[in-house]
Amino acid sequence: MNQFNWDSSFLVDFDLKTGKSETAESSKRTLSQMKDMYHDVQAAEEILKNEDPVIYEWHELGCPERAGDLAFGTTILYPGKVGSEYFMTKGHFHTILETAEVYYMLDGEGFMVMENPEGDTIEMPLKKGEVVYVPRRYAHRTVNTGDKPLRTFYVFGADAGHDYGTIETKGYHKMIVDEDGKPAVVDNPNWK
Ligand SMILES: O=P(O)(O)OC[C@H]1O[C@H](O)[C@H](O)[C@@H](O)[C@@H]1O
Ligand SMILES: [Fe+2]
């Protein structure tokens with residue numbers, strides 16, 4: 001569904017408090033759809049016995065995947081943990097690896113966890129009012145270390161594409177866990 005004319009101008013609503021939009025389509029990922037991304041599989045199974053929580057939702061405009069266009073929207077990542085690991089997005093490389101992205105932090109606190117194919121990693125702490133620049137070639141995942149939703153507004157080159165497979169099979173080098181009530185960056189023992 002594409003209700004916007006990307007060859008003309010248009011206006012769209014985004015509520016910069018809630019991150020929600022009346023117009024943009026919303027999609028969600030629940031724990032059952034991404035339980036294998038978490039380190040503590042047993043903790044994930046325990047939660048899923050009682051409920052299948054929404055981990056995050058995002059609003060997008062169905063931008064065509066054309067070079068030169070800009071895709072943008074918002075993501076709302078809910079607070080919570082699976083074992084000691086904070087709720088996070090699935091994360092992806094861009095299929096066109098040389099595509100950067102910016103995220104403006106509307107609310108909340110957390111980390112942008114990034115890594116490139118060479119294994120260089122960046123764990124950038126984020127708080128409300130900051131813009132994080134995700135450079136070309138870096139996979140990116142948002143982690144919510146706070147107790148309220150982490151809300152971001154994002155923009156990236158629309159032809160970038162999403163490569164989920166690499167992260168699904170290899171995982172990330174680093175993970176963000178709760179250590180005595182504070183977020184800590186640790187090596188992911190499951191990294192392949
Ligand atoms: O693609 P995920 O890692 O699941 O995150 C979901 C969405 O969140 C972000 O805001 C991105 O900019 C989107 O491109 C992405 O599809
Ligand atoms: Fe991206």
Side-chain angles (χ1 to χ4, degrees), residues 19 26-58 74-95 97 101 103 105-128 130 132-152 154 156 160-192:
S26 105
S27 318
K28 352 175 125 50
R29 274 197 231 287
T30 63
L31 180 58
S32 64
Q33 295 168 316
M34 55 178 299
K35 64 175 167 41
D36 301 327
M37 318 294 298
Y38 290 92
H39 165 244
D40 191 341
V41 181
Q42 239 176 315
E45 298 291 358
E46 277 305 311
I47 296 171
L48 287 169
K49 279 186 193 160
N50 300 316
E51 49 162 352
D52 186 11
V54 174
I55 308 288
Y56 59 106
E57 56 186 282
W58 67 97
T74 51
T75 306
I76 303 164
L77 171 59
Y78 291 99
K81 280 182 286 187
V82 177
S84 62
E85 198 174 5
Y86 296 101
F87 278 10
M88 61 195 185
T89 62
K90 211 169 160 182
H92 54 267
F93 282 97
H94 291 144
T95 312
L97 200 55
E101 180 159 351
Y103 286 82
M105 283 286 294
L106 301 172
D107 204 11
E109 57 189 284
F111 279 81
M112 185 66 74
V113 181
M114 298 169 267
E115 67 178 56
N116 68 12
E118 289 69 46
D120 303 314
T121 74
I122 309 171
E123 299 79 35
M124 187 66 88
L126 308 172
K127 61 177 191 301
K128 183 178 175 172
E130 292 175 331
V132 59
Y133 188 70
V134 176
R136 295 151 36 114
R137 309 188 82 257
Y138 276 77
H140 37 289
R141 157 181 287 166
T142 320
V143 179
N144 186 346
T145 59
D147 51 18
K148 56 180 182 169
L150 185 161
R151 304 173 199 270
T152 52
Y154 64 86
F156 64 96
H162 292 74
D163 162 16
Y164 291 105
T166 310
I167 296 298
E168 277 167 0
T169 42
K170 293 168 81 77
Y172 269 81
H173 284 75
K174 301 286 181 185
M175 47 189 228
I176 313 291
V177 296
D178 178 334
E179 268 182 20
D180 305 323
K182 279 206 196 106
V185 180
V186 297
D187 286 332
N188 174 11
N190 295 351
W191 182 79
K192 297 185 206 81

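- No donor-acceptor distance shorter than 3.5 angstrom exists from the side chain of D180 to the backbone of K182, with no hydrogens or angles considered.
- Distance alone, capped at 3.5 Å, places no donor-acceptor pair between the K35 side chain and the E45 backbone.
- At most 12 non-hydrogen atoms from other residues, nucleotides or ligands lie less than 6.0 angstrom from CD of Q42.
- Using a 4.5 Å heavy-atom cutoff, the side chains of H39 and V177 are not in contact.
- For V185 against F111, the heavy-atom pair with the smallest separation is CG2-CE2, 4.2 Å.
- With hydrogens and angles disregarded, no donor-acceptor distance shorter than 3.5 Å links the side chain of D178 to the backbone of S84.
- Put simply, the side chain of T142 never gets that close to the backbone of T89: no donor and acceptor are under 3.5 Å apart.
- Side chains of P125 and E109 form no contact here, defined as non-hydrogen atoms less than 4.5 Å apart.
- Proximity of a side-chain donor or acceptor of R151 to a complementary backbone N or O of I76 within less than 3.5 Å is not detected.
- The shortest distance between side-chain heavy atoms of Y138 and D120 falls below 4.5 Å.
- Residue M88 holds its CE atom at 6.0 Å from CE of M37, rounded to the nearest 0.5 Å.
- Between H173 and E115, the shortest heavy-atom contact is N-OE1, 2.7 Å.
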side-chain contact (heavy atoms from CB on, under 4.5 Å) between R136 and H94: does it pass, once the steps are laid out? CA-CA 9 Å; R136 295 151 36 114; H94 291 144; over 6 Å; no
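- E130 contributes a side-chain N or O that, together with a main-chain N or O of K127, makes up a donor-acceptor pair within less than 3.5 Å.
- Listed for the D187 side chain is no donor-acceptor partner under 3.5 Å among the backbone atoms of P189.
- Aromatic rings from H162 and Y164 are positioned such that their centres are separated by under 6.0 Å.
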Please assess L106 against T152 for the test side-chain contact (heavy atoms from CB on, under 4.5 Å), listing each intermediate value before the final yes or no. CA-CA 5 Å; L106 301 172; T152 52; 5.8 Å; no
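- The two residues G108 and M105 have their closest heavy-atom pair at O-CE, 3.4 Å.
- For the atom pair OG1 of T166 and CZ of F93, the computed distance is 6.0 Å after rounding to the nearest 0.5 Å.
- Side-chain contact between Y38 and F87 is present, with heavy atoms from C-beta onward closer than 4.5 Å.
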Stepwise side-chain contact (heavy atoms from CB on, under 4.5 Å) test for M175 and W191: CA-CA 10 Å; M175 47 189 228; W191 182 79; over 6 Å; no
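- Rounded to the nearest 0.5 Å, atoms CD1 (I55) and OG1 (T30) are 7.5 Å apart.
- Interatomic distance, R141 CZ to M114 CE, rounded to the nearest 0.5 Å: 13.0 Å.
- Nearest approach of D40 to G83, heavy atoms of both residues: OD2-CA, 4.0 Å.
- With rounding to the nearest 0.5 Å, the separation of CG in L126 from CG in N144 is 10.0 Å.
- Salt-bridge formation is detected for the pair E46/K49: a Lys NZ or Arg NE/NH1/NH2 atom is positioned less than 4.0 Å from an Asp or Glu carboxylate oxygen.
- The shortest distance between side-chain heavy atoms of R137 and P117 falls below 4.5 Å.
- Between the side chain of Y172 and the backbone N or O of H140 there is at least one donor-acceptor pair closer than 3.5 Å.
- Minimum interatomic distance between L48 and S32 (heavy atoms only, all atoms of both residues): CD2-N, 3.8 Å.
- Side-chain contact between D107 and L150 is absent, with no heavy-atom pair separated by less than 4.5 Å.
- Y56 OH to K90 NZ: the interatomic distance, rounded to the nearest 0.5 Å, is 7.0 Å.
- In plain terms, the two heavy atoms of T145 and P183 that are nearest each other are CG2-CB, 3.7 Å.
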